[in-house]
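Quick notes on the structure that follows.
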Amino acid sequence: MISAQAWADAQTLWDFQQMGNEPRPCSVAIGLGSHDLGVADTTAELYHQGLFPLVVFTGATSRTTQERMPRGEAEHYRDRAVELGVPEHAILVEPNARNTGDNIRFSRAILEERQAPVSSVLLVSKPYEERRSYATAQKLWPGVEWVCASTSMTLPEYIDSIGDARLVLDMMVGAQQRLVIYPRQGFMIEQEIPDDVRHAFERLRDSGFTSRLASETADQA
């Protein structure tokens with residue numbers, strides 16, 4: 001059972017991680033690979049709104065996706081977007097990234113190889129990883145305007161879509177921890193973390209939502 005306090009703390013992390021950006025036209029989009037095909041759905045929806053002409057789907061596999069997406073997250077995202085009407089010529093696939101830093105570095109490399117002009121990027125992620133993705137992108141690709149986007153839904157709706165509340169809360173705790181430790185390791189920019197968010201994270205961590213915590217040594221994941 002997940003306690004009422006844990007649910008309240010999870011909502012605090014959910015609210016903090018979302019940047020609240022208004023999607024607007026950008027040079028390109030980058031869809032960050034994960035277990036959640038909703039990222040591909042949202043990217044396709046934003047493409048059909050005319051917000052970008054080109055998208056990079058980026059991601060290999062992880063322990064969470066190796067069974068669901070055996071050909072790699074980016075490949076499955078591409079297939080999903082094509083099913084939703086995004087033309088194949090508008091999609092680039094980056095199949096090797098295994099963490100958020102790789103997502104940004106490798107996507108930048110493939111866009112530079114393509115000689116695609118990039119002044120702004122619509123960065124599409126899971127709802128509870130907008131801030132983590134933004135902080136990583138700002139560190140690794142400065143000078144670009146980053147606009148964050150994710151599927152618009154509540155935390156209960158998101159958990160229902162994934163079907164595993166424990167996994168979602170574990171992933172949220174892991175994402176929040178990285179906002180604390182990764183700036184010290186040079187992986188992302190520093191951001192101010194309000195006391196209520198810090199306390200919510202600590203309570204969830206101490207309650208055992210720890211399966212997605214990272215090592216505190218310099219090894220990004």
Legend entry - Side-chain ion pair, Arg203 and Asp9, N-O less than 4.0 Å: yes
Legend entry - Member of Val28, Ile30, Val56 meeting the side chain to side chain contact (heavy atoms under 4.5 Å, CB included) criterion with Leu92: Val56
Inset, instruction - Flag yes if Ile2 and Phe201 sit in one hydrophobic cluster, no otherwise; membership is Ile, Leu, Val, Met, Phe, Trp, Tyr, and two members link when side-chain heavy atoms are under 4.5 Å apart. - result: yes
Anything under 3.5 Å between a donor and an acceptor, one on a side chain of residues 190-200, the other on a protein residue two or more places apart or in another chain? List them.
unit_1	atom_1	unit_2	atom_2	d
Gln191	OE1	Arg131	NH1	3.0
Asp195	OD1	Arg198	NH2	3.1

Inset, instruction - Considering only NZ, NE, NH1 and NH2 on the basic side and carboxylate oxygens on the acidic side, decide whether Arg205 and Glu202 come within less than 4.0 Å. - result: no
Inset, instruction - Decide yes or no for Lys126 and His35: does some side-chain heavy atom of the first lie under 4.5 Å from some side-chain heavy atom of the second? - result: yes
Inset, instruction - Let me see the working for Thr42 and Thr151 under side-chain hydrogen bond (donor to acceptor under 3.5 Å, both in side chains), right down to the final yes or no. - result: CA-CA 6 Å; Thr42 297; Thr151 306; 2.6 Å; yes
Legend entry - 4.5 Å side-chain heavy-atom contact, Thr136 and Arg178: no
Legend entry - Side chain Thr210, main chain Leu213, donor-acceptor under 3.5 Å: no
Inset, instruction - Determine, using the 4.5 Å side-chain heavy-atom cutoff (strictly less than), whether Tyr134 and Leu111 are members of one ILVMFWY cluster. - result: yes
Legend entry - Qualifying residue for side chain to side chain contact (heavy atoms under 4.5 Å, CB included) with Ser125, from Arg132, Met19, Gln18, Glu130: Glu130
Inset, instruction - Just do the side-chain contact (heavy atoms from CB on, under 4.5 Å) check on Met172 and Leu155 with the steps written out, would you? - result: CA-CA 11 Å; Met172 291 172 63; Leu155 174 58; 4.0 Å; yes
Inset, instruction - Consider only side-chain heavy atoms of I, L, V, M, F, W and Y, link residues closer than 4.5 Å, and tell whether Val55 and Phe106 are in one cluster. - result: no
Inset, instruction - To the nearest 0.5 angstrom, please state how far the CD atom of Glu83 sits from the CG atom of Asp41. - result: 9.0 Å
Inset, instruction - Check whether the side chains of Ser119 and Ser27 place a donor and an acceptor atom closer than 3.5 Å, and report yes or no. - result: yes
Legend entry - Sequence neighbours excluded - ring pair (Phe, Tyr, Trp, His ring centres under 6.0 Å) pairs with any residue from residues 135-155: Trp141-Trp146
Inset, instruction - Give a yes or no answer on whether the side chain of His48 reaches the backbone of Leu84 with a donor-acceptor pair at less than 3.5 Å. - result: yes
Legend entry - Sequence neighbours excluded - side-chain hydrogen bond (donor to acceptor under 3.5 Å, both in side chains) pairs with any residue from residues 84-96: Thr58-Glu94
Legend entry - Expected output: side-chain Asn21 to main-chain Cys148 donor-acceptor under 3.5 Å: yes
Inset, instruction - For the pair Phe57 and Tyr77, name the ring-plane relationship: parallel under 30°, tilted 30 to 60°, perpendicular over 60°. - result: perpendicular
